[in-house]
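Proteins come first, then strands; the chains are lettered A, B, ... in the order of their sequence lines, and each starts at number 1.
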Protein chains: 4
Amino acid sequence: MAIRYHTATFENIPSEKRERILRAASRVLGRDGIGGARMADVAAEAGVSHGSMFSYFPTKDDMIRAVIARGMSLQAERFAASDDEGAGFAATVRTVFRSAWDEASAEPELISLWLSLSLVENARFADAILPLERDSTERWRRVVARGKASGEIDQGIDDGAAAYLLDALAAQLMKSRASGLERAKLELFVGTGLAEAAPDRMTDAVVAMLR
Amino acid sequence: MAIRYHTATFENIPSEKRERILRAASRVLGRDGIGGARMADVAAEAGVSHGSMFSYFPTKDDMIRAVIARGMSLQAERFAASDDEGAGFAATVRTVFRSAWDEASAEPELISLWLSLSLVENARFADAILPLERDSTERWRRVVARGKASGEIDQGIDDGAAAYLLDALAAQLMKSRASGLERAKLELFVGTGLAEAAPDRMTDAVVAMLR
Amino acid sequence: MAIRYHTATFENIPSEKRERILRAASRVLGRDGIGGARMADVAAEAGVSHGSMFSYFPTKDDMIRAVIARGMSLQAERFAASDDEGAGFAATVRTVFRSAWDEASAEPELISLWLSLSLVENARFADAILPLERDSTERWRRVVARGKASGEIDQGIDDGAAAYLLDALAAQLMKSRASGLERAKLELFVGTGLAEAAPDRMTDAVVAMLR
Amino acid sequence: MAIRYHTATFENIPSEKRERILRAASRVLGRDGIGGARMADVAAEAGVSHGSMFSYFPTKDDMIRAVIARGMSLQAERFAASDDEGAGFAATVRTVFRSAWDEASAEPELISLWLSLSLVENARFADAILPLERDSTERWRRVVARGKASGEIDQGIDDGAAAYLLDALAAQLMKSRASGLERAKLELFVGTGLAEAAPDRMTDAVVAMLR
DNA sequence: TATGAATGAGATTTCATTCAT
DNA sequence: AATGAATGAAATCTCATTCAT
């Protein structure tokens, strides 16, 4: 069902090499951008020959899609892993904000790539992550619904707006791990050097607001 | 005091032409991205010769900085214009969200360009808008302070977090005017075709939450 | 005595496989041209591995020469088969034109390949078919000689020119089976859709002219 | 009405340079073939930079079409120039065969290019010369008609076949100037070193045959 | 000052050939 | 002997920048 952007050759090589290449691509794409990334750099960083890249992916665009697809499934896995239907609203928000923060810190280049997908110039890749965004939407809606059911969220609150706000906050936190500008902005609000505390502080704040 | 990125020649041409060039550059940069924009396209769109571009700006990077600087001062003007220290918190949020939305709708390419500046690949331009972000921060802090003073915001609310949240929401609304992906995400929350109502709905929601 | 362009390995594989490979090569060379043909395509079309091709033929050029040599001997066989020293001039011309037409229709890619050999860029392969051309010359000279002897050709006719003309006509007919342009040209003369009747019509015409 | 394959830039440069580039392209295409010709070689041979070539022609294919178009109009001019409706059949054939021979000798690379167009691999360019072929057809039909009217051609002769034969012979003579293989073949018929006499000898032969 | 032709370094992509398994 | 992954040189095309007019 999932579309494959790579060639049969790519499926035949050792999975260790496959991972190495996709990680290198992810790193270069995150660093130099979709347009600025050079296949030769990815090849060098992955320790394969320039020509080999094109035996793994028909075109640069295909490689990009493959990296996005991998990023998506990694993210989906993490979402699923952090999902605990039994936890309370505040605990859930705290867990999700914290894990979003940690994952973004671990692979900031994937976040950079994700940021790129919002640009019109890269719109042709955006469809690749829509499913993930949809997934994320649903997740937040359910979290809000549970919060209302448990009384942790005021009944008068607009569900959709609350979900949007929570999603936007999580996204903003992640972006501040990948982007110097977003990080600077975050520090303007929480204080220089206090970024690390941001996920918890935001959790407290948002939980308080919604009650 | 402000740094000039253009040449003396650029100052000698009619201001109408100057505007035309900067607007064309803005449009092309927003559409094709910082890396993907071509000087020849800007020239063609502005109705000047390709060669002239380099007599106005020493390099492409300089032209980009000039466009960003112009975007910044436009934005600063608007901020100043919409500032009404006498208005209440709710009214201020509504006005700012709405005007952010309208301005983004009017010049989405400036928003696109602004989005680009969060990417690491374009980090060398980010310092150009930091002053504006700082300005925006201060503004939201003052708005929150007024809200607390007037009792429209609960005393227990974390000031910094509230300001961050309001800023993030305003930014998110603006971005959804320039990016198909962000627009799709907004519609996932507020419902397809209901994007237009988003600024008011977000205002209502956030005002309710902070009370 | 004949030069071998293939390796010893090629001689050890089943003759069925050998044929399959040479036919595939012929097809690909005819379709994509000598320069444009890709070894990988030949391999795929023949159902052997890419690498094997180079264990059968040291280089692409060798493979091409092998294909040409095979085409030559096929053609020589057919020449010999259609040779009937006892037949009259008109009957001989008719038979040869018709069989040239039919053979070209059956394996147009061999004709394409033969056409390629007239190009300067492929001159290095031309020596491979000179013997065949020489053979063809001799054959036509003999046919003309028989025609004169039997009185079917006017004594005043220039033998060499007549033979050249007959050979050129036969060649032209064959080429029109492989080349869209040559076919279009033939139809300009004989009428659209009437190409199939061309061999007989040309036979009648040329027999009438030489009498 | 005529389609232009070059850019506006190409029209702005000195006509001397334009000619130089098209001639260089023609030479390289004739020598290395359509697929084998390299833009860098054309550029070097014309004394312009590699990059400039792409400011004159959007793509290599466009350059090829431009060269073909130029070859066509040169050829059409010559056709028109050698047209003498008042001349007798034999004189016309002699003039046309001779001028075809001379022109082919003067610019063999154009003939090579023309030969290339018969290959399936180059079929996408063939439509560019169909008008010329059509023109040539009509011309030979008229020549044959005049020959019949003046009694120089036997009434029983098949008009279409005669025209086809004359056209094929002219083409064959031209091709033998560009192709070593075709030249060798011609010499097999007329005798080594006697190629130069071929046009006249063929004229005599064909005039005799058709009477 | 304005123009637009010219340049060349650099990016993607192709493919004959090699070689480890 | 067979396979197919790996290689890297080379080809087309792009575009910021320069420069003669």
(request) Using atom CD1 of C:Ile34 as one end and atom P of E:dC15 as the other, report the distance to the nearest whole Å. (result) 16 Å

(request) Please report, rounded to the nearest Å, how far the C1' atom of F:dA5 is from the CD atom of A:Glu16. (result) 16 Å

(message) Closest-nucleotide mapping onto DNA chain F: is A:Gly51 or C:Ala8 further toward the 5' terminus? I mean the 5' end.
(response) C:Ala8

(message) Strictly below 4.0 Å: does C:Lys17 bring a side-chain N or O up to OP1 or OP2 of F:dA2?
(response) yes

(request) Nearest whole angstrom, please: distance from the P of F:dT3 to the CD1 of C:Ile21. (result) 10 Å

(request) Could you state the atom-to-atom distance from CE of C:Met53 to C1' of E:dC15 in whole Å? (result) 14 Å

(request) Rounded off to whole Å, could you give me the CG-to-P distance for the A:Asp62 and E:dT13 pair? (result) 9 Å

(message) Does the structure show a Watson-Crick or G-U wobble partner for F:dT17, both distances under 3.5 Å? Name it, or say none.
(response) E:dA6

(request) Please report, rounded to the nearest Å, how far the C1' atom of E:dT1 is from the OH atom of B:Tyr56. (result) 8 Å

(request) Using atom CD of A:Glu11 as one end and atom C1' of F:dG4 as the other, report the distance to the nearest whole Å. (result) 15 Å

(message) My understanding is that a pair needs two contacts under 3.5 Å, Watson-Crick or G-U wobble. By that rule, which nucleotide pairs with E:dT12?
(response) F:dA11

(message) Can you see if the side chain of D:Thr9 gets near the phosphate of E:dA5 - specifically, an N or O under 4.0 Å from OP1 or OP2?
(response) yes

(request) Take D:Ile13 and B:Val48, find for each the nucleotide of DNA chain E with the closest heavy atom, and name the residue whose nucleotide sits nearer the 5' end. (result) B:Val48

(message) Taking the minimum atom-to-atom distance to the side chain of C:Ser52, which one of F:dT12, F:dT3, E:dA5 wins?
(response) F:dT3

(request) Could you state the atom-to-atom distance from NE2 of B:His50 to C1' of F:dC15 in whole Å? (result) 7 Å

(message) Using the ring centroid of each side chain, check whether A:Phe10 and A:Phe57 are separated by less than 6.0 Å.
(response) yes

(message) Side chain of C:Arg38, heavy atoms from C-beta onward: which of F:dG8, E:dG4, E:dA16 has the nearest atom to it?
(response) E:dA16

(message) What I want to find out is whether D:Arg70 reaches D:Glu19 closely enough, with some N-O distance under 4.0 Å, to be called a salt bridge.
(response) yes

(request) For A:Thr7 and A:Tyr56, indicate whether the former's side chain and the latter's backbone hold a donor-acceptor pair under 3.5 Å. (result) yes

(request) Side chain of B:Lys60 only, please: which of F:dA16, E:dT17, F:dA6 is the nearest? (result) F:dA16

(request) Compare the minimum distances between each of F:dT12, E:dT7, E:dA5 and the side chain of D:Met39, then state the nucleotide with the smallest one. (result) F:dT12

(request) Specify the closest pair of heavy atoms between A:Val42 and A:Ile21, including all atoms of both residues, with the distance to one decimal. (result) CG1-O, 4.4 Å

(message) Which is more 5' along DNA chain E, the nucleotide nearest C:Asp61 or the one nearest A:Ala40? Just name the residue.
(response) A:Ala40

(request) Counting heavy atoms from C-beta on, name the nucleotide in F:dG8, E:dT13, E:dA6 closest to the side chain of A:Thr59. (result) E:dT13

(request) Before accepting this row, confirm whether a basic side-chain N of the pair B:Arg23/B:Glu45 lies closer than 4.0 Å to the acidic partner's carboxylate O. (result) no

(message) Give me the atom names and distance for the closest heavy-atom approach of C:Glu121 to D:Ser116.
(response) OE2-OG, 4.4 Å

(request) Choose from F:dT12, F:dG8, E:dA2 the nucleotide whose nearest atom is closest to any side-chain atom of D:Phe54. (result) F:dT12

(message) Once you apply a heavy-atom cut-off of 4.0 Å, does C:Ala37 come out as touching a base, just sugar-phosphate, or nothing?
(response) sugar-phosphate

